[in-house]
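Every value quoted in this text rests on a predicted model; they were computed, and no experiment measured them.
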Amino acid sequence: MKHIVSFSGGKDSTAMLIMMIEKGMQIDEIVFADTKLEFPEMYEYIDKVEDYIGRPITRLKTHKNFDDWFYGKVTRGKNKGIQRGFPLVAYPCYWNRESKLNVLNKKCKGNYRYIGIACDEPKRVRKHEGYIYPLVDWGVTEIDCIEYLKERDMLNPLYERFDRLGCWLCPKQSIRSLESLYFYYPELWEKLKQYEKDDPNGFRPDINLGEFEKRFSG
């Protein structure tokens, strides 16, 4: 069985990866699942991490397209035939499943998979065969990860603008993240507004992007 590190570019998985290397732990492959909706800086950061650790990171990418899912129809259940639109806030994200979980599960099946979840996020831990959570075993918190990476000048610069990293159009992102998207990524903001127009249910029940735009610009 291979020892595969699941790397997302976030603080926890990055800290875990570097800690594992410093401890001399076996790592046969490092994988990154590209959602195709990453911020441009994420790819630059992956290059930086590769340079720092002196090892390649395998980029995995789904053959599926987000627009096909967004504009596609629900295929079963009570909403069958209705446009999917944005992933629902109160439910697991279909795009996270299609572009990350399924891709990683296929790649890591039958091998040891190291997952970067901090010890103060126990609800995210899933006890599946082959899953290993070093940060939980070591008692490393989210704050510990941030400080550890700052000491090495390896904290992802996207954290200067966003609390959590992930797809730029995620409806679960915070107001702070939306504000950063508006000010620093105007082209992506305009694309997000177009998606909002094309979704019969809008972006999110409690958020109208036009209203927030007025607030941000005012």
Side-chain angles (χ1 to χ4, degrees), residues 6-10 13 31-40 42-43 58-110 113 115 117 121 123-131 158 162-182 184-217:
S6 182
F7 170 79
S8 70
S13 69
V31 296
F32 170 79
D34 187 351
T35 64
K36 302 181 182 179
L37 297 174
E38 310 288 339
F39 286 99
M42 179 59 78
Y43 303 108
T58 302
R59 277 81 157 172
L60 305 175
K61 187 176 293 188
T62 178
H63 66 279
K64 298 179 181 178
N65 184 281
F66 177 77
D67 279 8
D68 292 339
W69 280 77
F70 180 90
Y71 293 105
K73 309 293 184 180
V74 177
T75 58
R76 60 186 177 182
K78 64 179 182 179
N79 293 324
K80 182 177 180 180
I82 297 176
Q83 179 185 335
R84 288 192 190 88
F86 286 104
L88 300 177
V89 176
Y91 294 88
C93 173
Y94 67 71
W95 192 241
N96 181 64
R97 180 191 68 227
E98 297 299 323
S99 67
K100 296 189 72 171
L101 296 182
N102 288 352
V103 173
L104 288 169
N105 289 339
K106 181 179 180 180
K107 175 67 176 181
C108 300
K109 185 177 181 180
R113 177 177 172 184
I115 302 173
I117 292 179
E121 293 186 294
K123 292 183 179 179
R124 295 181 58 206
V125 174
R126 298 289 183 268
K127 294 184 178 180
H128 295 302
E129 184 177 358
Y131 282 28
L158 283 168
F162 302 94
D163 300 316
R164 298 278 179 177
L165 309 186
C167 300
W168 60 265
L169 50 62
C170 180
K172 296 184 181 183
Q173 63 187 295
S174 67
I175 302 303
R176 174 177 178 262
S177 295
L178 286 172
E179 187 172 14
S180 293
L181 186 71
Y182 171 74
Y184 298 106
Y185 304 90
E187 292 183 5
L188 295 182
W189 179 262
E190 291 302 318
K191 289 181 67 174
L192 184 60
K193 288 200 300 180
Q194 185 60 55
Y195 278 125
E196 181 184 50
K197 292 179 182 179
D198 294 342
D199 187 333
N201 297 311
F203 175 63
R204 212 167 87 182
D206 61 330
I207 289 180
N208 177 284
L209 295 178
E211 295 176 0
F212 273 92
E213 188 174 77
K214 292 178 182 178
R215 180 196 300 184
F216 297 152
S217 60

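Taking OH of Tyr91 as the reference point, atom NZ of Lys172 lies at 11.0 Å (rounded to 0.5 Å). Distance check: Leu181 CG to Cys170 SG gives 11.5 Å after rounding to the nearest 0.5 Å. Interatomic distance, Lys107 NZ to Arg113 CZ, rounded to the nearest 0.5 Å: 12.5 Å. Once rounded to the nearest 0.5 Å, the distance linking SG of Cys167 with CE of Met42 reads 10.0 Å. The CZ atom of Phe32 sits 9.5 Å away from atom CG of Leu104, with the distance rounded to the nearest 0.5 Å.
Partners of Arg204 by salt bridge (charged side-chain N to carboxylate O under 4.0 Å, His left out), not counting sequence neighbours, listed by chain and number: Asp206. With sequence neighbours left out, the salt bridge (charged side-chain N to carboxylate O under 4.0 Å, His left out) criterion links Arg97 to no other residue. With sequence neighbours left out, Tyr185 forms a ring-ring contact (aromatic ring centres under 6.0 Å, His included) with Phe39. Take Asp163 and apply the side chain to side chain contact (heavy atoms under 4.5 Å, CB included) test, not counting sequence neighbours, and it matches Ser174, Arg176. Applying the side chain to side chain contact (heavy atoms under 4.5 Å, CB included) criterion to Lys61, with sequence neighbours excluded, gives Asp34, Lys36. In this structure Ser180 satisfies the side chain to side chain contact (heavy atoms under 4.5 Å, CB included) test together with Arg161, Phe162, Tyr184, sequence neighbours excluded. Listed by chain and number, the residues in a side chain to side chain contact (heavy atoms under 4.5 Å, CB included) with His128 are Arg126, Tyr131 (sequence neighbours excluded). In this view, Tyr94 satisfies the side-chain hydrogen bond (donor to acceptor under 3.5 Å, both in side chains) rule with no residue, not counting sequence neighbours. Residues passing the side-chain hydrogen bond (donor to acceptor under 3.5 Å, both in side chains) test with Gln173: none are found, sequence neighbours excluded. Phe212 meets the ring-ring contact (aromatic ring centres under 6.0 Å, His included) test with Phe216; sequence neighbours excluded.
Leu60 is not listed as a side-chain neighbour of Lys106, based on a closest heavy-atom distance of 4.5 Å or more. You'll find the side chain of Leu37 reaches within 4.5 Å of the side chain of Leu169, heavy atoms only. The side-chain heavy atoms of Leu165 and Glu38, taken from C-beta on, include no pair separated by under 4.5 Å. Proximity of Lys100 to Trp95: side-chain heavy atoms (C-beta onward) are nowhere separated by under 4.5 Å.
Note on Glu98 versus Arg84: no salt bridge recorded, every NZ/NE/NH1/NH2 to OD/OE distance being 4.0 Å or above.
A pairwise comparison of heavy atoms in Pro87 and Pro171 identifies O-CG, 3.3 Å as the closest pair. Across Gly9 and Ser13, no two heavy atoms sit closer than the pair N-OG, 3.6 Å.
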(request) Would you sort out whether Thr62 and Asn102 count as a side-chain contact (heavy atoms from CB on, under 4.5 Å), showing the intermediate values? (result) CA-CA 9 Å; Thr62 178; Asn102 288 352; over 6 Å; no
Taking distance alone, no hydrogens or angles, what donor-acceptor pairs closer than 3.5 Å link side-chain atoms of residues 189-203 to residues at least two apart or in another chain?
residue : atom : partner : partner atom : Å
Trp189  : NE1  : Glu213  : OE2          : 2.7
Glu190  : OE2  : Lys193  : NZ           : 3.4
Lys193  : NZ   : Glu213  : OE1          : 3.4
Lys193  : NZ   : Glu213  : OE2          : 3.0
Gln194  : NE2  : Asp198  : OD1          : 3.2
Gln194  : NE2  : Asp198  : OD2          : 3.4
Tyr195  : OH   : Asp67   : OD1          : 2.4
Glu196  : OE2  : Leu209  : N            : 3.0
Asp198  : OD2  : Tyr71   : OH           : 2.6
Asp199  : OD1  : Asn201  : N            : 2.8
Asp199  : OD2  : Phe86   : N            : 2.8

Sequence neighbours left out, cut at 3.5 Å: what donor-acceptor pairs do the side chains of residues 73-80 make with other protein atoms?
none

